[in-house]
*Asks:* 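Have a look at this one.
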Amino acid sequence: MAKIEYMTVDEMAEVITPELLRESAQQIRKELLMMPFQVFQDQTAKYVTVLPGVRNQVMFNELDGDAELAPYSVQNHDKADYSITGRILEVFPGNCAKDFDPMPLFHSIYGESLALGQALTKHQVARKLLTLFAAKIGKHINDVVFVGGVRNVSGKTTADLFNSFDTIIGMEITAGNIAAGKNNFINLGVIDKTNAVEILKEYYRSCDPELKKQKTFMYIPQEVYDAYVDDYQARHGNLTYNTSFDKLYLEGSRGKCELAVLDNMSGSNFLKISTKPNFLLGTDIMNQQNKANVGKYSPWACTFEYAGVYGEQIRCINKELLKVGAFELESSEPETDPDEPETITIKSDVTVSFAKAVDEATVGGEYAGQVATTDPAGKTVAYSSSDETVATVDETTGAVTLVGAGITLITATFAGDTTHNPASASYALAVAAAAQQGGG
């Protein structure tokens, strides 16, 4: 039997069978269920607390009140002035089922590594294919931890599964529970590279003294961090001892406020100062509701099945544990009243798809190429080919011109607009060489 790296698609089909994929999925079930967390463990998971044993919901009681000693007296007896608010972390079940043909995926995605001499066994191939899908699930969860997630029971994407932290904050602002009068909200206005240092310092200084006593994170997107570093360098770059501008802690916080720079906060309306235990991501990884499997339901495809439960909550929104700062990066509107809640703009997702995940053609034969569809319909996409020595594609129409034998990915990309997020989809095009004419 030929080595896997030299096998044709037909030979691979006899080795990487649905049964092998199903067996591998069962063997590495725990690894597949943990994969979403491994995707973002080096960034997001460093700054939030993952609760792995939440079956349905759990309540956290938030105490707001005061008590203190006074000089001894029999009269020192009065009714406590306090309130207890229950905050519920609820997790929601989600699932996906994706049909796929493992052969083109193997040849298009892993061919490069094989060419570099990293030979794979059939079990390793199965493992790589399955963890690829599980990692994609983790990526989409990570993308909506802070921004974009709005619970929608009839939705079709990860953004519909649970409320992001920004969505929770927006709801609490609307309800009046996060407000300037409660000292857990401040309107910071426009942040740019000329004022970022002063604004972030003033933001931290505006926190309640009890919050500033603790080890905290200031959760900020990369764009705000860039403005902070540029402003810091402009102010202090001429100092001979100042050789690094990779700032890890907020200037003037005595090392108590670490900058948590998060790529998945891009587009956020809010900065947050809080502690890691206050931001909760709940799941129940090894519960029987969670599933990772491969099924066989149609003649030409396997089905990757995955189910899990996820949800988020902010444990406490009182001023002692949270300070929210509303901001803008560019100002096109007049400044608003500091007590007026910021409007949250949440973009919708677009689905781009092709009729077939895999297509075949022969050099010299007729092949028009597939046209992508979008949901919502009518979105403009741009086409591209991953290997133009195999086929080129018209950027506007998707029309394909065959060039040579091989496999290329034809991709349709929607760039996004003011109301919708970017999206893309691809199909694998296997092009065979032209048949040679027999001699006379």
Side-chain angles (χ1 to χ4, degrees), residues 30-62 86-96 134-153 155 157-172 178 214-221 258 260-287 289-292 306-317 321-322 324 344 346:
K30 183 176 180 180
E31 179 182 342
L32 293 175
L33 293 174
M34 290 295 297
M35 179 61 67
F37 295 102
Q38 294 175 359
V39 170
F40 56 88
Q41 65 181 350
D42 291 333
Q43 195 187 67
T44 302
K46 290 171 59 177
Y47 306 114
V48 304
T49 297
V50 177
L51 298 183
V54 182
R55 293 293 176 92
N56 295 299
Q57 63 181 40
V58 60
M59 178 177 286
F60 300 92
N61 289 321
E62 182 179 62
R87 297 189 60 78
I88 298 175
L89 167 62
E90 184 176 6
V91 294
F92 305 97
N95 71 305
C96 73
K136 289 291 187 180
I137 289 172
K139 173 189 179 300
H140 289 295
I141 293 173
N142 182 65
D143 287 346
V144 298
V145 167
F146 282 92
V147 184
V150 180
R151 172 67 178 167
N152 176 12
V153 69
T157 69
T158 305
D160 302 305
L161 183 58
F162 55 83
N163 290 330
S164 298
F165 291 127
D166 271 21
T167 302
I168 295 170
I169 288 171
M171 294 167 63
E172 297 293 352
I178 294 179
Q214 303 175 67
K215 172 69 177 178
T216 59
F217 290 111
M218 180 184 291
Y219 299 83
I220 62 176
E258 184 175 348
V261 186
L262 295 159
D263 294 333
N264 58 353
M265 272 188 63
S266 180
S268 175
N269 295 93
F270 307 115
L271 305 185
K272 306 98 177 161
I273 295 178
S274 191
T275 62
K276 177 178 178 177
N278 204 32
F279 286 91
L280 306 175
L281 174 60
T283 185
D284 192 3
I285 300 171
M286 304 314 295
N287 188 312
Q289 295 183 55
N290 296 275
K291 180 179 182 180
Y306 195 101
V309 292
Y310 293 92
E312 292 186 354
Q313 185 56 276
I314 302 175
R315 185 192 296 262
C316 177
I317 62 172
L321 276 176
L322 177 69
V324 174
I344 305 174
I346 299 176

*Asks:* Could you give the distance from CG (Asn56) to CZ (Phe92), rounded to the nearest 0.5 Å?
*Replies:* 10.5 Å

*Asks:* For Tyr47 and Phe217, take the angle between the two ring planes, folded into 0 to 90°, and tell me which bin it lands in: parallel under 30, tilted 30 to 60, perpendicular over 60.
*Replies:* perpendicular

*Asks:* For residues Thr275 and Leu321, report the shortest heavy-atom separation together with the two atoms involved.
*Replies:* OG1-CD2, 3.9 Å

*Asks:* Grab the two heavy atoms, one from Val48 and one from Phe165, that are nearest each other, plus how far apart they are.
*Replies:* CG1-CE1, 4.0 Å

*Asks:* side-chain contact (heavy atoms from CB on, under 4.5 Å) for Leu262 and Ile220? Distances and angles first, verdict last.
*Replies:* CA-CA 6 Å; Leu262 295 159; Ile220 62 176; over 6 Å; no

*Asks:* Could you walk me through whether Leu89 and Arg315 pass the side-chain contact (heavy atoms from CB on, under 4.5 Å) check?
*Replies:* CA-CA 8 Å; Leu89 167 62; Arg315 185 192 296 262; over 6 Å; no

*Asks:* Looking at Leu322 and Cys316, what are the two nearest heavy atoms and their distance?
*Replies:* CB-O, 4.0 Å

*Asks:* Take Ser164 and Val144 through the test side-chain contact (heavy atoms from CB on, under 4.5 Å) and record every step on the way to the result.
*Replies:* CA-CA 6 Å; Ser164 298; Val144 298; 4.0 Å; yes

*Asks:* Restricting to non-hydrogen atoms, name the atom on Gly155 and the atom on Asp160 that form the minimum distance, rounded to 0.1 Å.
*Replies:* CA-OD2, 3.3 Å

*Asks:* Can you name the closest pair of heavy atoms from Ala134 and Pro36 and give their distance?
*Replies:* O-CG, 4.0 Å

*Asks:* To the nearest 0.5 Å, what is the distance between OG1 (Thr158) and NZ (Lys136)?
*Replies:* 12.0 Å

*Asks:* Regarding Asn264 and Thr44, is there a side-chain donor-to-acceptor distance under 3.5 Å anywhere?
*Replies:* yes

*Asks:* Applying salt bridge (charged side-chain N to carboxylate O under 4.0 Å, His left out), name anything that partners Glu258, two or more places apart in sequence or on another chain.
*Replies:* Lys215

*Asks:* Can you list the steps and then say if Thr167 with Phe162 is a side-chain contact (heavy atoms from CB on, under 4.5 Å)?
*Replies:* CA-CA 9 Å; Thr167 302; Phe162 55 83; over 6 Å; no

*Asks:* Is it the case that over 12 heavy atoms from other parts of the model lie below 6.0 angstrom from the NZ atom of Lys276?
*Replies:* yes

*Asks:* Got a second to check how far Ile169's CD1 is from Ile178's CD1, nearest 0.5 Å?
*Replies:* 5.5 Å

*Asks:* Would you say the side-chain atoms of Gln313 pair up with the backbone N or O of Ile88, donor to acceptor, closer than 3.5 Å?
*Replies:* yes

*Asks:* Please round to the nearest 0.5 Å and tell me the distance separating atom CG of Asn95 and atom CD1 of Ile137.
*Replies:* 9.5 Å

*Asks:* Kindly compute the distance separating CD1 (Ile168) from CZ (Arg87), expressed to the nearest 0.5 Å.
*Replies:* 7.5 Å

*Asks:* Hey, could you give me the CD1/CG distance between Ile273 and Asn278, rounded to the nearest 0.5 Å?
*Replies:* 12.5 Å

*Asks:* I'd like to know if the side chain of Thr283 and the backbone of Tyr310 have a donor-acceptor N/O pair within less than 3.5 Å.
*Replies:* no

*Asks:* Checking Asn163 side chain against Arg151 main chain: does a donor-acceptor pair fall under 3.5 Å?
*Replies:* yes

*Asks:* Do the rings of Phe146 and Tyr219 sit parallel, tilted or perpendicular, given the 30° and 60° boundaries?
*Replies:* tilted

*Asks:* Taking all non-hydrogen atoms of both residues, which atom of Pro93 and which atom of Leu161 are closest, and how far apart?
*Replies:* O-CD1, 3.5 Å

